[in-house]
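Read through the structure below, which is laid out as structure tokens, and then see the notes.
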Amino acid sequence: MAASALAPRQTPGGELLCLSHLRWDFVFQRPQQLMTRFARSGRVFFFEEPVAHDGAPALELRPRPLPGGGHVLVAVPRLPQGLPLAEAEALQRELLDTLVAEQGLADYVLWYYTPMALGFSSHLRPAVTVYDCMDELSLFRGASPRLAEREAELLARADLVFTGGQSLYEAKRGRHPRVHCLPSSIDREHFARARGPVAEPADQAPIPRPRLGYFGVIDERIDLELLAGLAAARPDWQIVMLGPLAKLDAAALPRAANLHWLGMKDYRELPAYLAGWDVALMPFAQNESTRFISPTKTPEYLAGGKPVVSTPVRDVVRPYGELGLVEIAADAAGFVAAVERLLARGEAERAAWLARADEQLRGSSWDATQRRMAELVREAADV
């Protein structure tokens with residue numbers, strides 16, 4: 001493995017090169033939460049998937065400022081249109097090598113979110129190689145047929161493997177000697193703003209109540225039939241859907257007077273929307289793409305003080321459903337019954353539930369997750 005081949009001249013983590021299938025300016029989630037925190041103590045380079053354009057190959061560098069100072073440097077490869085995979089990967093390798101040379105990267109941490117990046121980065125020799133497996137990408141719509149093979153190669157190269165949830169941990173722990181379950185965590189102070197007085201967003205303010213809401217990516221993991229059934233069953237309930245559309249045609253979205261598709265919102269805006277909901281929803285489809293997901297929004301909704309109804313996603317049932325913190329329902333009729341129960345709860349019952357939710361969330365934070373990861377990286381460098 002890479003760590004045994006190099007003796008770092010400085011503590012690994014001082015410089016980090018992240019190869020991601022998710023764009024920095026997309027939904028603010030696990031990669032952004034962690035890289036933001038790593039960038040507080042060192043340089044972080046976030047290398048995205050390529051964007052096609054009509055010009056010559058180029059690497060666009062975009063500094064993304066961070067609260068309190070500093071930045072993450074986002075690197076976006078721009079490649080000519082219509083290239084075969086082998087040629088596109090060869091050009092990405094050249095652009096990546098240029099970035100490494102010009103930025104003087106030597107004893108750095110190489111951090112993978114997608115095994116497909118091995119096609120242009122397998123020649124690199126970092127101090128430590130990390131595979132942060134946040135999804136089972138091979139089960140997603142449009143996944144490359146090479147993904148499983150590339151993941152096997154990455155698991156053979158990696159010094160450390162992190163998983164974003166218990167189900168992924170159980171799937172990967174037998175494939176690598178150092179797999180650590182570090183579930184996606186929470187910025188509790190951020191989402192707790194939803195419990196206090198906040199200004200109602202202009203596009204949500206006219207929507208009547210009760211409001212049921214969801215924020216996140218809207219793709220093949222969302223059960224559109226369930227949403228349509230819920231909206232039809234209770235036309236007096238308003239369903240607010242926030243988030244970008246991915247791999248779905250807008251024409252496929254169910255339409256109803258009480259279904260409101262408000263589009264993507266900035267991460268900073270989410271507590272204000274959440275504050276105006278009576279119940280938060282996780283209407284995930286029960287298919288291969290959701291088999292291993294561990295939704296970050298579960299603790300985010302709870303931190304905002306909102307009751308939650310979810311389909312039976314394994315990493316939601318364990319522990320949140322088993323602890324009685326999240327209502328679990330499999331279909332529209334089940335969602336109707338669960339929401340009715342939640343809306344009918346008295347103040348004492350709600351206060352007791354909220355106290356148990358807060359106890360479950362206590363000690364969970366992105367800061368703690370990142371610190372634990374940094375400790376494990378340092379240990380791996382000494383192997």
Side-chain angles (χ1 to χ4, degrees), residues 20-32 48-54 76 81-82 114 134-137 139-144 200-270 272-274 276-277 279-291 293 295-297 300-301 308-311 313 329 331-332 335-336 339:
S20 178
H21 62 294
L22 297 171
R23 300 199 180 280
W24 186 264
D25 293 328
F26 193 52
V27 174
F28 198 86
Q29 50 191 305
R30 184 181 179 97
Q32 291 90 339
E48 297 187 347
E49 289 190 335
V51 173
H53 75 156
D54 294 327
V76 186
Q81 308 255 8
T114 170
M134 61 179 283
D135 285 306
E136 190 63 73
L137 296 177
L139 300 181
F140 282 25
R141 181 180 297 177
S144 169
E200 184 86 74
D203 55 351
Q204 183 170 272
I207 299 173
R209 297 180 82 152
R211 296 188 197 128
L212 321 179
Y214 165 91
F215 57 66
V217 180
I218 298 167
D219 58 13
E220 78 268 26
R221 292 171 293 177
I222 298 299
D223 190 334
L224 299 178
E225 185 177 339
L226 186 157
L227 283 174
L230 179 59
R234 292 301 302 263
D236 54 321
W237 293 351
Q238 306 300 314
I239 302 172
V240 177
M241 299 293 291
L242 309 180
L245 197 63
K247 294 181 285 185
L248 289 179
D249 190 326
L253 299 179
R255 302 291 175 178
N258 60 330
L259 254 177
H260 309 272
W261 304 93
L262 300 188
M264 183 171 174
K265 304 301 176 184
D266 190 276
Y267 178 75
R268 293 168 293 186
E269 299 176 281
L270 296 181
Y273 283 92
L274 183 59
W277 300 348
V279 176
L281 302 178
M282 293 199 292
F284 290 111
Q286 297 170 70
N287 57 31
E288 283 296 292
S289 69
T290 61
R291 183 178 165 195
I293 65 171
T296 307
K297 58 186 57 54
E300 291 173 345
Y301 287 161
V308 184
V309 183
S310 174
T311 48
V313 172
D331 54 23
F335 265 63
V336 169
V339 171

Do [X] and [Y] have side chains that approach each other closer than 4.5 Å (heavy atoms only, starting at C-beta)?
X      : Y      : result
Ile239 : Tyr214 : no
Asp223 : Phe284 : no
Val279 : Pro210 : no

Practice task
Show the numbers, then the answer: is there a side chain to side chain contact (heavy atoms under 4.5 Å, CB included) between Leu230 and Leu212?
Solution key: CA-CA 10 Å; Leu230 179 59; Leu212 321 179; 4.1 Å; yes
Indicate the atoms forming the closest heavy-atom contact of [X] with [Y], along with that distance.
X      : Y      : result
Tyr301 : Gly213 : OH-O, 3.9 Å
Ala256 : Ala231 : CB-CB, 4.3 Å
Thr114 : Ser20  : CG2-C, 4.1 Å
Pro295 : Val313 : CD-CG1, 4.2 Å
Val336 : Ala233 : CG2-CB, 3.8 Å
Pro254 : Leu224 : CG-O, 3.7 Å

Exercise for the section: Answer yes when Asp266 and Arg268 have at least one side-chain N-carboxylate O distance shorter than 4.0 Å, and no when they do not. Expected result: yes
Practice task
State whether Lys297 and Glu300 are salt-bridged, where the test is any N-O pair (Lys NZ or Arg NE/NH1/NH2 against Asp/Glu carboxylate O) under 4.0 Å.
Solution key: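 No salt bridge links Lys297 with Glu300.
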Short side-chain to backbone donor-acceptor contact, [X] and [Y], under 3.5 Å:
X      : Y      : answer
Gln238 : Arg209 : no
Thr311 : Ala285 : no
Glu220 : Lys247 : no

Taking atom [atom1] of [X] and atom [atom2] of [Y], what is their separation to the nearest 0.5 Å?
X      : Y      : atom1 : atom2 : answer
Ile207 : Leu262 : CD1   : CG    : 5.0 Å
Leu242 : Ile218 : CG    : CD1   : 7.5 Å
His21  : Glu49  : NE2   : CD    : 7.5 Å
Gln32  : Phe26  : CD    : CZ    : 9.5 Å

Problem - Arg255 CZ: over 12 foreign heavy atoms closer than 6.0 Å - result: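 Yes - once you tally the heavy atoms of other residues, nucleotides and ligands closer than 6.0 Å, there are more than 12.
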Problem - Exceeds 12 heavy-atom contacts within 6.0 angstrom, atom CD of Glu269 - result: yes
Problem - Any residue meeting salt bridge (charged side-chain N to carboxylate O under 4.0 Å, His left out) with Glu200, in chain and number order, not counting sequence neighbours - result: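 Glu200 satisfies salt bridge (charged side-chain N to carboxylate O under 4.0 Å, His left out) with Arg211 only.
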Exercise for the section: Go through the steps for Met241 and Leu253 under the test side chain to side chain contact (heavy atoms under 4.5 Å, CB included), then give the verdict. Expected result: CA-CA 11 Å; Met241 299 293 291; Leu253 299 179; over 6 Å; no
Practice task
Over 60° means perpendicular and under 30° means parallel, so classify the ring planes of Trp277 and Phe215, tilted if in between.
Solution key: tilted
Exercise for the section: If a pair satisfies ring pair (Phe, Tyr, Trp, His ring centres under 6.0 Å) and one of its residues is in residues 234-265, list it, with sequence neighbours excluded. Expected result: none
Practice task
Run the numbers on Met282 and Ile293 for side chain to side chain contact (heavy atoms under 4.5 Å, CB included), then give the verdict.
Solution key: CA-CA 12 Å; Met282 293 199 292; Ile293 65 171; over 6 Å; no
Exercise for the section: Please test Lys265 against Asp203 for side chain to side chain contact (heavy atoms under 4.5 Å, CB included), starting from the C-alpha separation and ending with a verdict. Expected result: CA-CA 11 Å; Lys265 304 301 176 184; Asp203 55 351; 2.6 Å; yes
